[in-house]
Amino acid sequence: MAKVQVMNVAVLDNPSPFGNPLKFEITIECMEDFPDDLEWKIIYVGSSISEEYDQTLDTIVVGPVPAGRHMLVFQADAPNTDLIPESDAVGNTVVLITCTYRGQKFIHIGFFVNIEYTEPELRENPPIEPDYTQLQRNILANPLVSRFPINWEGGVEPMED
């Protein structure tokens with residue numbers, strides 16, 4: 001059983017203009033004191049074709065963490081639009097939140113995201129080059145959560161050459 005339970009992840013400021021920061025309120029429960037840090041990341045999937053377009057928007061390190069229930073607001077700047085393929089600017093994508101302890105990922109939370117123009121005429125006749133100032137981001141509720149068993153007492157074994 002995981003010694004850190006993610007109780008809730010609420011999406012804040014949603015829907016929002018594309019260029020606004022992404023904000024999540026994360027509630028966790030720690031079953032015991034954690035002397036080492038929990039590392040959280042927000043990752044924007046720029047294209048379903050290749051991971052090369054994924055952007056780590058921010059990383060925060062929280063710790064040590066005492067036993068009990070805790071809440072944090074994790075905010076990251078919007079993705080760098082220069083790194084998103086034009087063909088993937090509008091439509092559906094994914095935002096991931098991950099957490100690791102001692103270098104081991106124990107949870108992966110994926111949110112589907114809908115990116116669309118707010119003006120009906122732009123929806124019907126989108127510009128050839130995306131106009132990010134006219135796009136709205138809507139992070140959908142009900143994320144997909146994957147949990148991974150880890151060694152809570154130790155870290156990742158060093159890889160041998």
Side-chain angles (χ1 to χ4, degrees), residues 1-84 88-89 91-116 132 135-161:
M1 180 172 138
K3 294 184 179 185
V4 176
Q5 296 289 323
V6 176
M7 308 305 290
N8 189 49
V9 179
V11 181
L12 306 177
D13 191 25
N14 189 56
S16 179
F18 186 85
N20 280 15
L22 290 87
K23 298 179 194 172
F24 299 91
E25 182 181 271
I26 302 169
T27 304
I28 63 171
E29 185 150 351
C30 298
M31 305 308 161
E32 60 186 56
D33 292 344
F34 285 89
D36 294 319
D37 299 330
L38 297 174
E39 181 181 82
W40 295 88
K41 289 184 181 183
I42 297 177
I43 301 163
Y44 182 86
V45 176
S47 175
S48 62
I49 305 293
S50 171
E51 288 183 18
E52 77 177 279
Y53 300 108
D54 291 1
Q55 298 179 48
T56 298
L57 302 181
D58 203 355
T59 300
I60 60 169
V61 177
V62 180
V65 184
R69 190 170 283 222
H70 308 281
M71 188 272 298
L72 65 108
V73 174
F74 190 5
Q75 177 175 313
D77 289 338
N80 179 343
T81 58
D82 293 337
L83 302 177
I84 301 171
D88 291 311
N92 298 315
T93 190
V94 174
V95 169
L96 305 171
I97 297 174
T98 65
C99 191
T100 61
Y101 182 68
R102 294 181 173 165
Q104 304 168 91
K105 180 167 60 172
F106 65 89
I107 194 160
H108 180 113
I109 305 163
F111 288 90
F112 289 107
V113 181
N114 185 36
I115 314 279
E116 65 182 358
Y132 288 97
L135 288 173
Q136 176 175 274
R137 174 186 66 233
N138 186 13
I139 301 173
L140 305 178
N142 302 322
L144 298 175
V145 179
S146 298
R147 292 175 178 83
F148 308 99
I150 67 168
N151 177 358
W152 292 96
E153 306 309 319
V156 174
E157 295 287 324
M159 293 181 64
E160 294 181 22
D161 291 332

ask   = Are the aromatic rings of Y132 and F18 close, with centres under 6.0 Å apart?
value = yes

request  = Mark yes or no for whether S50, through its side chain, and E52, through its backbone, hold a donor-acceptor pair below 3.5 Å.
outcome  =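 Such a contact is found between S50 side chain and E52 backbone.
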
task = Look only at the side chain of N14 and the backbone of I139, and say whether a donor-acceptor pair between them is shorter than 3.5 Å.
result =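 Pair found, side chain donor or acceptor close to backbone of I139.
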
Just how far is it from atom [atom1] of [X] to atom [atom2] of [Y], taken to the nearest 0.5 Å?
X	Y	atom1	atom2	answer
L38	I107	CG	CD1	11.0 Å
D58	F74	CG	CZ	4.5 Å
H108	I43	NE2	CD1	7.0 Å
K41	T98	NZ	OG1	6.0 Å
K3	D33	NZ	CG	11.5 Å
R137	N114	CZ	CG	12.0 Å

inquiry  = Test salt bridge (Lys or Arg N to Asp or Glu O under 4.0 Å) on R102 and E39; report intermediate values, then the result.
reply    = CA-CA 9 Å; R102 294 181 173 165; E39 181 181 82; over 6 Å; no

message = Evaluate F24 against F111 for ring-ring contact (aromatic ring centres under 6.0 Å, His included), listing each step before the verdict.
response = CA-CA 11 Å; F24 299 91; F111 288 90; 5.4 Å; yes

query = I150 and K105: which non-hydrogen atoms are nearest, and at how many Å?
reply = CG2-O, 3.4 Å

inquiry  = Which heavy atom of A89 sits nearest to which heavy atom of L135, and what is that distance?
reply    =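 Result for this residue pair: O-CD1, 4.1 Å.
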
Result of checking T27, I28, I109 against V9 for side chain to side chain contact (heavy atoms under 4.5 Å, CB included) =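 The passing option is I109.
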
query = Which of these, Y101, W152, F148, sits in a ring-ring contact (aromatic ring centres under 6.0 Å, His included) with F106?
reply = W152

ask   = Step by step, would you call I26 with M71 a side chain to side chain contact (heavy atoms under 4.5 Å, CB included)?
value = CA-CA 6 Å; I26 302 169; M71 188 272 298; over 6 Å; no

